[in-house]
Amino acid sequence: MSSPTPAQVLVVDDSPIDRHLVGGLLKQRPDLRVQFATNGEEALAAIEAAPPDVLLTDLQMPVLDGLSLVQQVRERFPFVPTILMTAHGSEEIAITALNQGAASYVPKRSLARQLVGTVVDVLAASRAGRAQRRLFECWQQTRFNFLLTNDDSLVPPLVAHLQQHLAASTQCDPTEVVRVGVALHEAIRNAIDHG
């Protein structure tokens with residue numbers, strides 16, 4: 001049995017010292033392969049050429065900073081998870097990055113303790129999501145049968161159940177899932193009220 005292909009990690013940092021430190025920590029794992037970029041634009045070009053399994057980026061960089069890079073990767077390469085490295089005092093910016101699509105962040109002062117574990121955790125979650133998406137590419141049909149009484153209190157949990165299934169099994173954005181939920185809610189309520 002062959003060993004799994006090593007995960008590709010793209011490290012983006014304008015500091016040669018930090019690139020060396022991060023690369024050294026990651027290269028201790030034989031299941032990780034590391035490549036480097038010195039700024040956000042260089043990283044986008046590298047992702048375009050060969051998307052990595054995970055992107056690890058510094059926050060403060062010239063040309064295109066880490067926060068802008070997180071946003072662009074989220075828009076252009078939604079299946080490439082990003083991890084932000086932050087200097088001391090940048091936790092609020094890290095939370096903003098998480099809200100804008102970063103998978104996680106690691107304070108630079110904690111790189112030795114947290115970096116490898118965070119990368120491994122994000123890769124595991126990403127691979128599980130990728131496997132789930134591949135499985136749903138094979139999906140052809142799901143059928144639900146519910147026999148409801150005229151009890152209005154059953155409508156919200158039924159709609160929530162169907163929305164969860166829709167969100168998990170398709171690439172609908174959250175707004176579409178909400179719209180489908182509203183339509184289902186109205187249709188079921190009309191069926192109960194008007195037969």
Side-chain angles (χ1 to χ4, degrees), residues 4-5 7-10 31-32 44 47-48 51-57 59 66-86 90-107 114-195:
T5 305
Q8 298 295 321
V9 181
L10 176 58
D31 57 341
L32 300 177
L44 288 172
I47 296 168
E48 187 81 45
D53 294 296
V54 67
L55 173 76
L56 183 61
T57 182
L59 179 63
L67 195 54
S68 298
L69 179 59
V70 166
Q71 292 170 330
Q72 289 203 29
V73 169
R74 176 78 171 137
E75 290 170 15
R76 295 172 54 186
F77 311 99
F79 299 123
V80 175
T82 57
I83 300 171
L84 195 67
M85 296 181 291
T86 61
S90 300
E91 285 79 8
E92 286 182 23
I93 295 171
I95 291 168
T96 300
L98 291 172
N99 290 333
Q100 294 179 355
S104 190
Y105 79 97
V106 179
Q114 296 179 2
L115 179 67
V116 173
T118 300
V119 169
V120 168
D121 290 347
V122 167
L123 281 168
S126 176
R127 285 181 172 152
R130 196 173 303 133
Q132 190 77 10
R133 285 189 298 275
R134 285 185 58 217
L135 174 65
F136 281 118
E137 288 172 5
C138 303
W139 174 56
Q140 292 191 0
Q141 180 180 8
T142 299
R143 182 176 173 165
F144 294 103
N145 290 320
F146 294 94
L147 182 59
L148 300 179
T149 61
N150 284 340
D151 183 354
D152 283 350
S153 69
L154 294 174
V155 176
L158 172 62
V159 170
H161 174 77
L162 296 172
Q163 284 178 298
Q164 287 174 347
H165 181 74
L166 180 65
S169 63
T170 67
Q171 293 183 14
C172 287
D173 69 37
T175 303
E176 288 180 70
V177 172
V178 169
R179 289 176 53 208
V180 169
V182 169
L184 282 171
H185 192 271
E186 284 187 32
I188 295 169
R189 275 274 165 91
N190 282 337
I192 290 172
D193 293 342
H194 305 294

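Not measured: the values here are computed from a predicted model.
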Would you compute the distance between atom CG of Leu44 and atom CD of Gln72 and round it to the nearest 0.5 angstrom? 5.0 Å
What's the spacing between Leu147 CG and Leu154 CG if we round to 0.5 Å? 10.5 Å
Report the C-alpha distance between Thr57 and Val73 in whole Å, list the side-chain angles of each, state the deciding distance to 0.1 Å, and finish with yes or no for side-chain contact (heavy atoms from CB on, under 4.5 Å). CA-CA 11 Å; Thr57 182; Val73 169; over 6 Å; no
Gap separating the CG atom of Leu56 from the OG1 atom of Thr118, nearest 0.5 angstrom: 9.0 Å
Got a second to check how far Gln114's CD is from Asp121's CG, nearest 0.5 Å? 10.5 Å
Any side-chain heavy-atom pair of Leu55 and Leu69 under 4.5 Å: yes
Quick one: are Leu32 and Leu123 in side-chain contact, heavy atoms under 4.5 Å? yes
In short, Pro51 meets Val80 closest at the heavy-atom pair CB-CG2, 4.1 Å
Taking the side chain as C-beta and beyond, is there a heavy-atom pair between Leu59 and Leu67 under 4.5 Å? yes
On a heavy-atom basis, which atom in Ala103 and which in Val122 lie closest, and how many Å separate them? CB-CG1, 4.0 Å
Mind checking the CG-CD1 spacing from Leu10 to Ile47? Nearest 0.5 Å is all I need. 5.5 Å
CG-CZ distance between Leu162 and Phe146, expressed to the nearest 0.5 angstrom: 5.5 Å
Are Val54 and Ile83 packed together at the side-chain level, in the sense that at least one heavy-atom pair is separated by less than 4.5 angstrom? yes
Could you tell me if the side chain of Val155 sits less than 4.5 Å from the side chain of His185, heavy atoms only? yes
Looking at side-chain heavy atoms only, is the closest gap between Pro52 and Val9 below 4.5 Å? no
So which heavy atom on Pro156 is nearest to which on Ser153, and how close? CD-O, 3.7 Å
